[in-house]
Amino acid sequence: MTQIVTRRELVLAFIIVAMVLLIGVRAPVFLSFDNLRFVVTDTSVLIMMALAQMTVILTRGIDLSVAANLALTGMLVALLSRALPGLPIPVVMLVALLIGAGLGLVNGLLIAGLGIPPIVVTLGTLAIYRGAIFIVAGGAWLTSKDMTEAFLAFPKAEFLGLSSLTWVALVVTIGFYVFMTLTRTGRGLYAVGGNPVAARYCGVSLRLSQVLVYTLAGTISGLAGYLWVARFGIAYADIGIGYELTVIASCVIGGVSIAGGIGSVIGTVLGALFLGVVANALPLINISPFWQMAISGAVILAAVIVNTRSEWKPQKLILHEARRAAAGGQK
Amino acid sequence: MADTTDDQPGARAEAEPILRLSGVSKRFPGVKALEGMRLDLYAGHTTALVGENGAGKSTLVKILTGIYTPDTGSLVVDGVERTIHSPRDAWADGITAIHQEPVMFDELSVAENIFMGHMPVDRRGLIDWSSMIARTTELLERIEADFAAKTQLKRLGVAQKHMVEIARALSHDARIVIMDEPTAALSAREIDDLFRIVADLKRQGRAILFISHKFDEIFRVADRWTCLRDGCLVGEGLIAETTEDELVKLMVGRSIDQVFPKREVAIGEPVLEVAGLSNATEYADISFTLHKGEILGFYGLVGAGRSETMQGLMGISPPTRGTIRINGHEARIAAPADAIDAGIAYVPEDRQIQGAVTALGIRENMSLASLAKTANKTGFVAYAAELARTRDLGSKLAVKAAHWDQKLMELSGGNQQKVVIAKWLATKPQILILDEPTKGIDIGSKAAVHAIMADLAAEGLGIILVSSELPEVMGMSDRIVVMAEGRMVRVFDRAGATPEKIVSVATGGMA
Ligand SMILES: Nc1ncnc2c1ncn2[C@@H]1O[C@H](COP(=O)(O)OP(=O)(O)OP(=O)(O)O)[C@@H](O)[C@H]1O
Ligand SMILES: [Mg+2]
């Protein structure tokens, strides 16, 4: 908390910038303002989802159901807006948030209440939510023809030169930053993940934290569900399939420790941006999207190796000279 | 608060207790940890709670701080009946504790560690970082700690982390302060600091519950005592009216011979020769020779670099210069596995973190380091042999458990320590490094650990004993290395060592 950005995050930011520039050499169009704006817009949903996932991983958990939640909520609000075309968009978004929160709360209650491991619970709800999409829509696909103009317009709107998606991601990011650094509950998540027994001695409850983070992850997934369906103008049972892995990968690349207790908002945003740049650049420089998986995989491994190295025990300052040198260096 | 300020604790000796716990029972599967326990605490008084490992002391602390709910019993604070269901309830009743288990968050700053669960917030409900840092700095000054509020906890040494725990307890400004073995990781100077704090608290009219296995401390700091045996109250009274022998007899049920079992052993060939060992920031120019059958003591203030030096020998915090020779041959030690291959065993200082697998049982933990020896030719572990060994060492050290497969996390703090020590004693290495081996261990088992050390030395092992307990270092060692600020300042012979000289050298005096 004492440092706003860690060295690790600076390195990651540097790698992203270097990557963008290198790609720009091969394909100058990549560096155009319009394209960069598009890349950020395209990554907005990933950023939001990764931030929510980060809070889950901080508590030593994992939420595999986020993409299924996204798809189910997306389908439900699409159905809703088809049934009630007059519904104002803020209401639609509110409904998406609530449905998502409810689906996330189910995870949280099962994990905190029954003590079932998060990976098992969310693997189960993943399948249930995916199945539910099929059931609520009767197996049908909803396309832009089934959606109202207003429903489709929001993600495409622009304010002050930035897309609404970018704005939403920005607001969510600031919200998470304030939550994680300036609230007791946010700091408590680090305690719960870092040392659950000690957290209990400080009156910070693991169970309450779990209910909170899974609900939060669900809420963000719900919002993302509306944005996704409206942006692409399509809803069906398989949208965003496997997307939870991209979300988790963003966290890992951004320095969130799967063992819990370590992770930052800035790192996670950078992790998502990294994957967003890779996904958007590869087609431009004629690399098959199939390579994309392999590349993200390699990057995740590299990130994990960097993390374990940086988690090495730092040397203590005991020798007189070493202390003097450290004190001098700080001035 | 003003009305409780009282400069003459004596005047209140027979006053009403500020806290009265009575009829408290708590059972765990297979054990009754407490049975009809009673405890009174008085404003301006320090009450020592004594009892063997597993007697139920920490269980009592956890009941008072809302971690455990008792099966039966009542709690009266300031004449009002209370129930405590969570640490927050305890804080609200003015009760705060330094727990025996480390309450530490390595990734967070010192300030966050101290204020976790009760960080100051501003009007908008957001954490007020500047006031939190300021209050932390104030607390750190009060306990004379030498690190900053924003330091990440993982940069601190064991004793410094303990100072953080003390600061946390003080941060609540509570009327009742509980300290469960607060000095276990501290050396003479920090203990003096702690006792100064205790005296301050007493002067302010707070009640203190002090738990320790070290009788010199109890007699220095406490006004009253309460003794527990197997979860039951066996006696209470004024410290001024009792003796150490009486307390020991009461808590153990027999008397214990407290003479150090040091034996005259023929000192053999050098087994470990260290020359000029240094790394960048932790230790420099460490040179010594350890012989077969010798016990070499390492004394110093906490943070003097003793543990780091040993970790250097083990390849955990590898040296950048210097040589290590084992049995006359130069050894290359780049990682702990090299050291273990070379016949060095190391019992680390913070055993709860480095030494124990708390989710495994006692038997598995004890044989972890010596698996190669208990496994038979087919590679399977010989269960009967393993159990026999566990039983043998376990009863020698008086490990108190419901059964030998009980999970370590269900044992009392001291009993966990015993299991980890037993684990390394079972490996029978050439060189054994013991870092604070009797920390948190009760008086009877301490004697057992010392006896085992003497036996191993007699068998020709070279033993390095790192300890902050001066009587232990002096009682057990053939020679004593004193370290300060990462360097060796002097080596004493058994004959030439006196407590005054050693402490003065360790604190930077020129003896
Ligand atoms: N969570 C638990 N589950 C099962 N048994 C437990 C648990 N906690 C404590 N016990 C048992 O309760 C008894 C009392 O333990 P406690 O920790 O109170 O001892 P203690 O007096 O603090 O000992 P020490 O001096 O070693 O710290 C022990 O026999 C211990 O094994
Ligand atoms: Mg205890």
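Quick note on labels: first sequence line is chain A, next is B, and so on, each numbered from 1.
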Worksheet item: What residues, two or more places apart in sequence or in another chain, satisfy ring pair (Phe, Tyr, Trp, His ring centres under 6.0 Å) together with Y68(B)?
Response: F28(B)
List the atom pairs, donor and acceptor, that lie under 3.5 Å between side-chain atoms in residues 47-56 of chain A and the rest of the protein, sequence neighbours left out.
from   : atom 1 : to     : atom 2 : distance (Å)
Q53(A) : OE1    : D63(A) : N      : 2.9
Q53(A) : NE2    : D63(A) : O      : 3.0
T55(A) : OG1    : A52(A) : O      : 2.6

Worksheet item: Considering all heavy atoms of both residues, which atom of H118(B) and which atom of R184(A) are nearest to each other, and what is their separation?
Response: C-NH2, 4.1 Å
Item to complete: Return the option, out of G186(A), G194(A), A191(A), with the maximum number of heavy-atom pairs under 4.5 Å with chain B.
Response: A191(A)
Worksheet item: Which residue out of N279(B), I67(B), D122(B) racks up the most heavy-atom pairs below 4.5 Å with chain A?
Response: I67(B)
Worksheet entry | Residue Y283(B) versus chain A: region with a heavy atom under 4.5 Å | backbone
Item to complete: Check whether D146(B) gets within reach of chain A through its side chain, its backbone, both or neither, counting any heavy atom under 4.5 Å.
Response: side chain
Discussion item. So, using ring pair (Phe, Tyr, Trp, His ring centres under 6.0 Å) as the criterion, who are the partners of F176(A) when residues are at least two apart?
Written reply: none
Discussion item. Show the nearest heavy-atom pair for residues T183(A) and L126(B), with the distance to one decimal.
Written reply: CG2-CD2, 4.0 Å
Worksheet item: Where on A280(B) is there a heavy atom nearer than 4.5 Å to chain A: the side chain, the backbone, both, or neither?
Response: both
Item to complete: Mind listing the closest non-hydrogen atom pair of Y190(A) and L108(B) along with its distance?
Response: CB-CD2, 3.7 Å
Worksheet entry | CZ on R187(A) to CD on E112(B), rounded to 0.5 Å | 4.0 Å
Fill in: I119(A), CD1: over 12 other non-hydrogen atoms inside 6.0 angstrom
no
Discussion item. Counting only non-hydrogen atoms closer than 4.5 Å, can you tell me which residues of residues 197-211 of chain A sit against chain B?
Written reply: A198(A), A199(A), R200(A), Y201(A), C202(A), G203(A), V204(A)
Worksheet item: Is it the backbone or the side chain of R124(B) that comes under 4.5 Å from a heavy atom of chain A, or both, or neither?
Response: neither
Practice prompt. Determine yes or no for a side-chain-to-main-chain donor-acceptor pair under 3.5 angstrom, with N195(A) supplying the side chain and F105(B) the backbone.
Written response: no
